[in-house]
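These notes are about the structure you will find just below.
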Amino acid sequence: MSMQQQIQEKISNAIACKHLNVINESHMHSAGTESHFKVIVVSEGFTGKRLLQRHREINEILKDELANHIHALAIHTYTPDEYTEQGGEAPDSPNCMGGSKLA
């Protein structure tokens, strides 16, 4: 199973998502490793939660991957209403500043 599929599966098993998109952005950063990802997670479960709480939830779900495989993870979490207000879009990921422990 690819890292992208693993991330998708772990998040979808842990959170009731209205929308989930896991984007492998490794081609923009690293030489042949699956280490840079963007996740867009839309869930009713984020209602009333601050951004930090939402990101901690994703970080907890992916703690093994973050500790051992992923160099960069751009996390975008929305309620359905917030996602609609964003026009169904998430911002572009920032440029990688290097420093990968995986290279």
Using the test side-chain hydrogen bond (donor to acceptor under 3.5 Å, both in side chains), find all partners of Gln4 that sit at least two apart in sequence or belong to another chain. none
Suppose clustering is done on Ile, Leu, Val, Met, Phe, Trp and Tyr with side-chain heavy atoms closer than 4.5 Å. Which residues sit in the same group as Met1? none
Among the clusters formed by ILVMFWY side chains lying less than 4.5 Å apart, do Ile23 and Leu73 turn up in the same one? no
Is it possible for you to say whether Ile61 and Ile7 belong to one hydrophobic cluster, with membership spreading through side-chain heavy-atom contacts below 4.5 Å? yes
Between the CG atom in Asn68 and the CG atom in Leu62, the distance rounded to the nearest 0.5 Å is 12.0 Å
Qualifying residue, where the test is side-chain contact (heavy atoms from CB on, under 4.5 Å) with Phe37 and the options are Met3, His71, Glu25: Met3
Minimum heavy-atom distance Pro91-Tyr78, with the two atoms named: CD-OH, 3.6 Å
Which residue pairs satisfy the salt bridge (charged side-chain N to carboxylate O under 4.0 Å, His left out) criterion with at least one member in residues 80-91, sequence neighbours excluded? Arg54-Glu82
Please, which pairs that meet side chain to side chain donor-acceptor pair (under 3.5 Å) have at least one residue in residues 37-52, sequence neighbours excluded? Lys49-Glu57
If you round to the nearest 0.5 Å, how far is CD1 of Ile40 from OG1 of Thr77? 11.0 Å
Hey, what do you get for CZ (Phe46) to CG (Leu51), rounding to the nearest 0.5 Å? 9.5 Å
Applied to residues 66-77, the salt bridge (charged side-chain N to carboxylate O under 4.0 Å, His left out) test, sequence neighbours excluded, yields none
Result block: side-chain N/O donor-acceptor pairs under 3.5 angstrom for residues 10-19, not counting sequence neighbours:
unit_1	atom_1	unit_2	atom_2	d
Lys10	NZ	Glu65	OE1	3.2
Lys10	NZ	Glu65	OE2	3.1
Ser12	OG	Gln8	O	3.0
Ser12	OG	Glu9	O	3.1
Asn13	ND2	Glu9	O	3.2
His19	NE2	Tyr83	OH	3.3

Verdict with reasoning, Val22 to Leu20, per side chain to side chain contact (heavy atoms under 4.5 Å, CB included): CA-CA 7 Å; Val22 178; Leu20 173 60; 4.2 Å; yes
Going by the rule side-chain hydrogen bond (donor to acceptor under 3.5 Å, both in side chains), which residues pair with Asn21 if we only count those two or more places apart in sequence or in a different chain? none
Closest heavy-atom contact between Ser35 and Ser26? N-OG, 2.9 Å
